[in-house]
Amino acid sequence: MKKTILLILFLFTGIVTAIGFGFHHLFPFKELPYDDDQKGLRDQVLIKFSHVVAENTPKGLAVDRFARLVEEKSDGRIKVAVFPNGSLYSDIEEVSALEEGTVQMIAPATSKLQMLSPKWGVLDLPFIFPNEEAVRHGLEGSIGKELLQTFDGTDIKGLALWSNGFKQLTTNEKVIKKPKDVSGQKFRIMQSPVLDAQFTMLRADGIQHQFNDTYSLLDRKEIDGEENTVSNIYSKGFYNVQQNMTITNHGYLAYAVMINRSFWDEQDEETKNIILEAMKEATAWNEKEALEKNKEQLQYIRENSSMKIHTLTKKERKEWLNALSPLYKKYEEEFGPSLMKEAIKLRDGNF
Ligand code: LMR
C-alpha cells in the first residue's frame, strides 16, 4: 500500500514538472515582473537628434533644452538622444538620414535646404535683414511660414525655425573693408547656390565644404577664409587660425528644425503635443540665447585673441549692398514674386 502511494506521488510530481517545464508554451506562466528600468518600456519613444555644431552654441544649447523639456513633460517616457558635432552624420549627410528615418530630428542651416526647395535661398540674399527686428519678421512672419510649407507632402515635417546670428567674414589675407577686398580669395561656404553666386559676383571663390572640415582647411591654408557667425567662429576655434575678422552682418544663419514625417505620424496625440510644446518653449529660449552667446563670444575673441576685428562703416555697408544687390533681380523668378516682395521689404526696413 505504502509503495502504491509513493508510486502515485512520484507520477503526480513528474506530471506537474512536465507541464511546468516541458509544456510551458501550452500553459504560459504569468509574465516575469519588470524591474523599474523596464517599466513601460514598450511605451517609450526614442528620438535621435543629430546636429553638426558644438554643444555650447545657440543650436547645441537649444537642442539640449528641447531634449530636457521633452523628457520632463513626458515623465521620462520620451527620450531625445542628442548627437552633436556631426558625430553621427555630417551636414552633407544629415538630410538624407532624416528622410530615410535613421535619425528622427535634425536642424540644418536653412542655406543647406535649397536642394529640397530653391525657395530657401531667399534667406541667403545679401543684407536681407538690416537688424534683429527684421530677422524676427522674416522667420516668424509670412516668409518663415511659406518656407516651412515647402515640406508639405514630403518625408519631412518642419517644426520651427531657430536662430544663430549674423554671419561675418574671416580671412588670413588683408583686412576686408570693401567688396573688392575679397576678390581672388577662397572662402569655405555652405551648400547654397545663392551664397555661391554672391562670392562669384565679388570675384572670390566660394568653396562648398562640410562644416566640420573648415578648421583643417583653414589650418592647412587650403582656403583663405570663411563666413560664419561669431558663435561658430568661437566654438570651432576658427579665430585661432584666422588673422582678420570683419563684422559685416551680410547674411544670417538660421536653422530649420525638422522631424521625419512617418515617425511623426506614428505618434499618439499626447506625444505630438509634448513635442510641440517643448519645441515652442525651446524656440523662444533660443531666440534670446543666440543673441547673448554671439555677444559674449565676440567679447571673448576681442579680449583673448590676436585677431584684428573691423566693423563695416555705414558707407562701406552701402558699397557692399550696391555690389551685391543685382542678386535680388537674378533670383526674382526662382523665388517667385510674393517671397521676393517680402524680402525687399525686409531689406529696406519696410516691415
Ligand atoms: C555651417 O555649415 O557653417 C553652419 O551651417 C553650421 C551650423 O549648423 O551652424
Side-chain angles (χ1 to χ4, degrees), residues 49-66 82-98 103 105-116 120-121 123-124 135 139 147 158-171 186-196 198-199 206-219 222-239 241-242 245 248-258 282-283 286-287 289-294 297-298:
F49 198 141
S50 168
H51 69 84
V52 299
V53 290
E55 282 148 307
N56 185 27
T57 55
K59 177 162 65 181
L61 293 165
V63 175
D64 288 349
R65 194 167 185 96
F66 168 74
V82 182
F83 299 89
N85 287 308
S87 53
L88 207 51
Y89 292 106
S90 76
D91 41 359
I92 291 174
E93 301 159 331
E94 64 184 356
V95 172
S96 320
L98 181 76
V103 287
M105 287 184 75
I106 59 171
T110 55
S111 312
K112 296 169 187 168
L113 299 179
Q114 287 166 67
M115 59 166 180
L116 297 178
W120 285 97
L123 298 179
D124 278 346
V135 173
L139 300 187
L147 292 175
L159 289 178
L161 291 172
W162 282 355
S163 300
N164 183 324
F166 284 100
K167 286 185 293 177
Q168 323 300 350
L169 287 171
T170 65
T171 180
K186 284 192 192 142
F187 290 87
R188 179 267 167 181
I189 59 169
M190 290 184 268
Q191 295 77 38
S192 152
V194 179
L195 294 180
D196 187 41
Q198 276 182 49
F199 282 84
I207 300 179
Q208 301 185 8
H209 244 290
Q210 65 182 50
F211 176 61
N212 282 305
D213 283 348
T214 312
Y215 184 94
S216 57
L217 289 169
L218 291 169
D219 195 32
E222 286 178 30
I223 50 174
D224 303 298
E226 56 83 55
E227 54 152 26
N228 227 310
T229 59
V230 167
S231 148
N232 280 343
I233 292 167
Y234 166 84
S235 60
K236 288 290 171 185
F238 301 158
Y239 66 94
V241 282
Q242 291 277 265
M245 170 155 70
T248 50
N249 292 342
H250 64 283
Y252 194 83
L253 178 54
Y255 303 113
V257 190
M258 294 141 68
T283 303
N286 155 259
E287 190 187 313
E289 189 65 17
L291 277 173
E292 279 305 304
K293 274 279 156 293
N294 278 289
Q297 293 169 347
L298 178 59

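Read the numbers this way: they start at 1 and go in the same order the structure lists the ligands and their atoms.
Shown here is K186, whose NZ atom has no more than 12 heavy atoms of other residues, nucleotides or ligands within 6.0 Å.
Near ligand 1, heavy-atom contacts under 4.0 Å come from V52, V53, K59, D91, A109, K112, R188, M190, F211, N228, N232, L253, Y255.
N294 and N164 share a side-chain donor-acceptor pair at under 3.5 Å.
With sequence neighbours left out, the salt bridge (charged side-chain N to carboxylate O under 4.0 Å, His left out) criterion links E222 to R220. In this structure N85 satisfies the side chain to side chain donor-acceptor pair (under 3.5 Å) test together with K236, sequence neighbours excluded. E227 is linked by a side chain to side chain donor-acceptor pair (under 3.5 Å) to K167, H250, counting only residues two or more places apart in sequence or in another chain.
Contact annotation: the side chain of N56 never approaches that of S235 to less than 4.5 Å [non-hydrogen atoms, C-beta and beyond].
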